[in-house]
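Note: hydrogens, waters and symmetry copies are ignored here, and every other heavy atom, side chains too, is used. Note that the structure is a prediction, hence the values are computed from the model and not measured.
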Amino acid sequence: FIGGVRITTVWPLGPAVGLLHIGDVILSISGVEIGQDGTVPLRDNERIHFLHLLTRQLAGSDVVSVRLLRAGAEVETRVALRPDRW
C-alpha cells in the first residue's frame, strides 16, 4: 500500500509539536490507512477526508496512534488530542 499525506506544517502550539515533523507522511491514524487522495473509508464504497478520524475523537481525553513515514522508515507515535486554545 502506498498512500498517505505529507505534513507541510505543524502548529507550534498544537499537541503534535515535537511528534510530527514537516516532511513526514502520515500513513494511518488509529489503524485506518489514508489513501493517496487524503481520504479514508467511511461506508461501503464511500470515502471521506482523513481529518474525519480526528474530529470524531474527544479532544482532551482521546489519544490516537499515528503511523508515519519519516526519512524512509516507518515510525509509530501517539498523539494526545487537546482542544484548540485561542
Yes or no on side chain to side chain contact (heavy atoms under 4.5 Å, CB included) for T77 and L68, after CA distance, side-chain angles and deciding distance? CA-CA 8 Å; T77 189; L68 307 165; 4.1 Å; yes

State, to 0.1 Å, how close [X] and [Y] come at their nearest heavy-atom pair, and which atoms those are.
X   : Y   : answer
G31 : S65 : N-OG, 4.2 Å
P15 : A80 : CB-O, 3.1 Å
P41 : V32 : CD-CG1, 4.0 Å

Show every donor-acceptor pair shorter than 3.5 Å between a side-chain atom in residues 20-30 and any protein atom, with sequence neighbours excluded, or say none if there are none.
residue: D24; atom: OD1; partner: R70; partner atom: NE; Å: 3.0
residue: D24; atom: OD2; partner: H21; partner atom: N; Å: 2.8
residue: D24; atom: OD2; partner: R70; partner atom: NE; Å: 3.2
residue: D24; atom: OD2; partner: R70; partner atom: NH2; Å: 2.7
residue: S28; atom: OG; partner: R67; partner atom: NE; Å: 3.3

Verdict with reasoning, L81 to V63, per side chain to side chain contact (heavy atoms under 4.5 Å, CB included): CA-CA 6 Å; L81 303 179; V63 176; over 6 Å; no

Rounded at 0.5 Å granularity, tell me how far CG in D37 sits from CZ in R47.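 The CG atom of D37 sits 6.0 Å away from the CZ atom of R47.
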
How long is the gap from CG on L42 to NE2 on H52, to the nearest 0.5 Å?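 Reported value, rounded in 0.5 Å steps: 5.5 Å.
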
Residue pair W11, V17: steps toward the side chain to side chain contact (heavy atoms under 4.5 Å, CB included) verdict: CA-CA 7 Å; W11 188 46; V17 69; over 6 Å; no

So do F50 and T39 actually touch side chain to side chain, heavy atoms under 4.5 Å?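 No, too far: nothing below the 4.5 Å cut-off.
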
What pairs of residues pass the salt bridge (Lys or Arg N to Asp or Glu O under 4.0 Å) test when at least one of them lies in residues 9-23, not counting sequence neighbours?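 Sorted result for residues 9-23: empty, none.
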
